[in-house]
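Computed from heavy atoms alone, side chains included, the values below leave out hydrogens, waters and symmetry copies. Residues take their numbers from the sequence shown, with the count starting at 1.
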Amino acid sequence: MRSRLHLTTVLGPLAGSPGVQPPPNDAYPVADPATAEAVSAGMVRALRSGHPTEVVARWRAAVEAAEPGLRRWVLDPLDRAVPRSSGDSPLVLGSRAARQVDPTTCGSAVLALLAAAGDPLVAWGLATANDPSARFDALQLAVKQTTNRHACGVLPWPHALGTPPWAAARHARFADVVYSSRPVDDARPAGRRVIVAALAAAARGVPVPLYTGGDLRTGWSTAIPRHVVLLTATDGDRCTIYEPSGGRLHHVPAAGLVDPGESVRAALGWPRVCWALLPAGRRGRRAGGSTLTGR
């Protein structure tokens with residue numbers, strides 16, 4: 001039993017309930033980017049992100065006139081419209097895969113793509129830059145500066161340690177969805193309920209950042225959150241995970257998140273999920289601002 005100990009074994013009992021989920025009628029559907037339904041869904045996300053109606057109208061005209069590749073990325077930056085049953089595929093932005101810019105920015109890459117998926121104007125700004133890949137790199141560094149600046153009250157979080165989950169939750173955005181930080185101990189029912197809630201949110205179209213790590217079998221340094229990935233979609237008994245170090249989408253069994261195994265090791269980067277940022281309602285129902293726009 002001792003060999004399985006990880007940080008969330010201690011913190012798990014403090015996590016409480018999995019958090020308030022957006023009600024079912026607040027789903028964020030994903031449609032084929034070539035269709036009018038995808039543009040309409042993008043407009044809903046843009047308006048819920050807080051953009052004025054006239055700005056969203058100009059965005060609509062621009063995206064409807066865009067060439068197919070640009071339109072596809074702006075409306076579906078996480079490539080969720082094409083169902084896949086297994087394997088992995090690159091998530092391309094600009095000239096290369098959408099990878100984290102350095103070993104400490106996995107969380108920043110995840111937060112940046114989460115924002116782009118929820119706000120098509122953020123996606124448009126990335127995709128139409130002179131060098132989208134360089135813009136994505138710069139955005140990651142900006143996000144990291146913002147999230148870590150006051151992560152410990154008035155004190156900053158050490159940049160070498162990445163982004164702590166509570167700071168990521170404070171600044172995470174997907175349209176008007178706000179997030180809460182929840183430790184996950186997969187040996188306890190409460191921890192498993194957090195993962196089930198994450199899968200349910202992804203099935204409604206709301207991606208969920210997941211922190212992953214190990215346990216004492218691989219040393220004390222691994223018994224803490226070590227990496228961040230993004231649960232982008234759930235379809236039946238399969239789910240899709242964006243892994244930022246390789247810039248790839250992995251299509252794996254959803255059960256592998258609840259009962260960790262080799263089937264999800266490559267997708268998570270580590271053996272298990274140890275923290276999750278769960279949807280906690282919509283902006284206006286809970287205080288919160290936007291990292292990427294300053295609102």
State which residue, out of Arg248, His227, His250, fulfils the side-chain hydrogen bond (donor to acceptor under 3.5 Å, both in side chains) condition with Glu243.
His227
Do the side chains of Pro271 and Arg265 get nearer than 4.5 Å, heavy atoms only?
yes
Mark yes or no for whether Asp76, through its side chain, and Ala81, through its backbone, hold a donor-acceptor pair below 3.5 Å.
yes
Tell me, do Val110 and Tyr242 make a side-chain contact under 4.5 Å, heavy atoms counted?
yes
Would you say the side chain of Tyr179 lies within less than 4.5 Å of the side chain of Leu114, judging by non-hydrogen atoms?
yes
Roughly how far apart are Arg182 CZ and Trp166 CH2, rounded to 0.5 Å?
15.0 Å
Less than 4.5 Å apart, side chain to side chain, heavy atoms only: is that true for Ser108 and Leu141?
no
Have a look at Trp73 and tell me which of Val92, Asp79, Leu78, Leu126 forms a side chain to side chain contact (heavy atoms under 4.5 Å, CB included) with it.
Leu126
Can His251 and Asp235 be counted as having a side-chain donor-acceptor contact under 3.5 angstrom?
no
Does either side chain, that of Gln140 or that of Thr105, offer a donor lying less than 3.5 Å from an acceptor on the other one?
yes
Donor-acceptor pair, side chain of Thr234 and main chain of Cys239, under 3.5 angstrom:
no
Could you tell me whether a side-chain N or O of Thr212 sits under 3.5 Å from a main-chain N or O of Leu268, the two making a donor and an acceptor?
yes
Here the gap from Leu91 atom CG to Thr240 atom OG1, rounded to the nearest 0.5 Å, amounts to 11.0 Å
Closer than 4.0 angstrom, basic N to acidic O: yes or no for Arg192 and Asp259?
yes
Between Val252 and Ser263, is there a side-chain heavy-atom distance shorter than 4.5 Å?
no
Rounded to the nearest 0.5 Å, how far does CH2 of Trp124 lie from CZ of Arg71?
10.5 Å
